[in-house]
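We're numbering straight along the sequence, starting at 1. Both ligands and their constituent atoms are indexed starting at 1 by order of listing.
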Amino acid sequence: MNKPNDLAISATDLNDIDSNASHDNHFNSILNARLSRRNWLRGSAVTAATAVMGSMGLSACGGGSDAVAVTPTPTPIPEKLLAFTAVPKSLADVVSVPAGYTATALYALGDSLRAATPAYKNDGSDTDFDNRAGDHHDGMEYYGLSAAGAPLASGAERGLLAMNHEATTDEKLSSHFLHVNGGTTTLPRPAAEVDKEVAVHGLSVVEVKKTGSAWATVNDSAFNRRVTPLTDIEIAGPVRGNALVVTKYSPTGTKTRGTINNCGTGKSPWGSYLSGEENWAGYFTRSSTDNAARGDKSVVSLNRYGRSQGGASRHGWETGGSDDKYARWNLSKIGASANGSDDYRNELNGMGYIVEMDPYDKTKAIRKRTALGRYAHESAAFSVPTVGQQLAVYMGDDSRNEYIYKFVTTAVWAAADANPADRIATGDKYLDSGKLYVAKLAADGTGQWIELAMSNALIQAYSAYKFADLADVLVNARLAADAVGATKMDRPEWCSVNPANGEIYYTLTNNSNRTVNPSGSSQLAPDSANPRAYTDMKGSSAQNGNPNGHIIRFKEGTGAAAATSFTWDVYLFGAESGADASKINLSNLTADQDFSSPDGLAFSPYTGICWIQTDDGAYTDVTNCMMLAAIPGKVGDGAKSTLNYATAAGGNLAVDTFIGKKPTADTLKRFLVGPVGSEITGISETPDGKTMFINIQHPGENTALANIGDPSKYTSQWPANAGYGAGKRPRSATIVITKNDGGRIGS
Ligand code: FEO
Ligand code: CA
Ligand code: CA
C-alpha cells in the first residue's frame, strides 16, 4: 500500500497505523574463511562453494532434478553483475528498464483465470472476481513446473506465480475503479459492491508459461486459484482452539474466514507459500460503546492493534446486508454468550498472521501459523537451512515504532524435507512449535533476541495487560514486546537473508514520528539503530522525521539461527543524492542510486543480487517508485559515526551509529522505475535467473473518484498505455522482465 499518506494521514490510510505509545556462526565462519563473496558470485571459487555448501546440506534440492522445494545453490555467473546502465529517475507513466532489457505486462487486475469467465472489460461493469486476478498485487513467489506440468523446483519455462492481493484503490469507502460510476460513498454500501470489493482481496495462483521468448498466463489452468476473505482457513499452532479465537463462524476457535491485506511473502525451504497479513484491523468497525460492553482486557488488546472503539471501517462492508459474511466485519460485543460464539467480538484475533498455502495443491488446507505471532506482518525470510540445526524465520511489524521479530523452530532441518510428500504437513512440523523472539538493539552495535514467553518475568509482571498463556502472548505479541522493552523501529517492512553469509537485511521504510524533541507518547528521539531525524522538502511541503528510510542488517551471534545475540549496522540510508552528506545522505548515494522509502527487499538465490523496491511518497515530486540492484558487503564493513543534533533545550544530542561501507557505482544501481502513482513490489525469478516477475501496485491511485469515467483525468493509464488490455482505468499488474540477449537479470 502506498505511503504518501504516512506523511499526511488520511482517514482511510491503514498502512501506517501508529498504535505503539508505549558472533560468528558456523556457516558464516566456514564460508567466509574460504571464499570472498564476490568471487563466489562470479563463480571463480565454484569448487570450494559447492564443497562447503554440500557439506552443509544446502544442495539437497538444488542438485536434484525432480526436487520440488528450493534451497538453491547459486550457480556461477559468467556475466559481470550490475553491468547494465542505471535507469534515470522518472515521472513518466511507463515502466523503465535498462537498455537491453524488456518489461511486459503479464497479469493484471481482473484478468480471467478460467475459460467460463469473460475477458476483463475494465469499465467498472465486470463481476465474478472469485475467478479473476485480485487487486493490488503485492508479494509474489515463483514455483516451477516441468514441461509436462508437474511440480519441479528447477522448472524455468513453466511455473506458478502465487501472489498477494493486498488492498484496492479507494476513496470515501468505495473502490472507485471497480464500479461503473465510482460506487457508493455513503453507508450502507450495496451488497453487490461489497461482494466485488471483498473478492479482489486475498491471494491468487496463476500458471505462467514461456513459448518461444514470450511469457503468458495459462487461462483455465487447473492450478489457477483464488483465496479471498471468505475462504475457509485453519488456525494452526498454539492459538488453535483458544478462547481468544472463538467466533460465531468457528465456535471451537479452530478456523477463520479468509485472509486480508496480504503484503509481503516468503517461500519455505519445503516449497510452500507464506503470506503476511498486514493492515487488517482497519477493515473492521467497533461501536462507540464497545469498551463498556466488554469491560475486560480485550479493550487493551484492541487499542494496541489500532481498533479503538468508534473506529469506522475502511469500506463499510459490515453494512452490506444481514448475511453473516457482512456481520463479521463488526467487532462489537453484541451477543449474549460468555465466550463470543454468537458474534464477532473475537474476530480480530483471527487476523494478523503468517498464512501458509501449498501453491501446487488446492486440496491442502491453508493454515495460519500462530506460533509466529500476530502483528502487521510483511515478509517471512528463512535462515539458510543447515541439516541438523534449527531454522529461523525473520519477520517485521510494519507500523511506526513497531518491532523486529524472529521465530526459531523446535524441529531441526532434515534434508528430506526439501522435497516432502506433503508440504502443509511439513509446515506443521516446523512452524507450529518453536520460540518467538523480539529484537532489542543496543547503541554499541550489538543486540539481543528476547523470547516472548510466559517464562519471562517481565511478561508475567506487565501491568498494562495480564497474559493468560502462550496463546495470549502470541495473539498480543505487540503487548508482550512492549513488556520486554524491545526497540521501536522506523517501520520494519520486508526482510531477506543474504545466501552468501546468512546476514539478515530489514528495510525500515520511513517514520514521521522520529524527532529530536519528542512530545507525546508516539514520538521518539533518534537512536543508534534509527539515527536520523531531519526535514526533507517535497515542493513547499516539509517532511519531518526519517522520511527516506534506511536498511539495517544483522549478523547472528553464537548459535546461528538459534542465536540470542547479534551485531548490526545500517547497510544503506535512503536519501536524495543532493542532500547533506553529513546528516542525511550518509551513504553518499549518487543520482544513479538515490531512493526513498525502501519496502520490498529480497536476495536472489540465483545471482545473489539484493533487489530493493520502493513504496515512496517523499521523493515522488522528482521520481516514481523504483527498483534497485545491489551487491552488499557485510555487517561491520563500514565505520562508526556520530550524528549531533541541537535540542530545543539548547543542548546537544549525540547519536552513535554504524554506517555500512558506502556503495559504489558497481555495487548499487537503479534498475527500474514504475508508472505514475505505483509502488514496486513482489520479487520472484525463474531458477535459471533469466526471467524476473515483479508487481506494479496501484498505478494512478491518486485519481479522484469524481474523475471516474474521464480517462483524460486518470493520473495513470498504465498498463493500457503499454498496449495491455481493454479500457483506460489503471490496473495493478505483474510484469515479466527478460534480458534481450537471454542473459540473467541484473547482469
Ligand atoms: Fe503493505 Fe508495509 O506494506
Ligand atoms: Ca525532497
Ligand atoms: Ca510492503
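Rounded to 10°, the angle formed at the Ca ion (ligand 2) by O of M537 and OD1 of D536 is 100°. To the nearest 10 degrees, atom 2 (Fe) of ligand 1 sees OE2 of E278 and OE2 of E378 at an angle of 80°. Here the angle centred on the Ca ion (ligand 3), running from OE1 of E493 over to OD2 of D599, is 80°, rounded to 10°.
The heavy-atom pair separating L331 from R307 by the smallest distance is CD1-CG, 3.6 Å.
Counting heavy atoms from C-beta on, the side chains of E141 and Y143 come closer than 4.5 Å.
Checked against the 6.0 Å centroid criterion, the rings of W568 and Y506 do not qualify as a close aromatic pair.
Put simply, D599 stays out of reach of atom 2 (Fe) of ligand 1, with no N, O or S atom under 2.8 Å from it. At a cut-off of 3.0 Å, Q543 is not counted among the residues with an N, O or S atom near the Ca ion (ligand 2). Counting backbone and side-chain atoms alike, E576 contributes an N/O/S atom closer than 3.0 Å to the Ca ion (ligand 2).
Atom CD of E378 sits about 7.5 Å away from atom CG of D138, to the nearest 0.5 Å.
Minimum-distance N/O/S atom of D398 relative to atom 2 (Fe) of ligand 1: OD2. The atom of E493 that is an N, O or S and sits closest to atom 2 (Fe) of ligand 1 is OE2. For E378, the N, O or S atom with the smallest separation from the Ca ion (ligand 3) is OE1.
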Given salt bridge (Lys or Arg N to Asp or Glu O under 4.0 Å), test K89 with D594 step by step and report yes or no. CA-CA 9 Å; K89 295 185 286 289; D594 59 345; 2.9 Å; yes
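With 3.5 Å as the limit, one finds a donor-acceptor pair spanning the side chains of N511 and D490. Side-chain atoms of N702 and T715 include no donor-acceptor pair closer than 3.5 Å.
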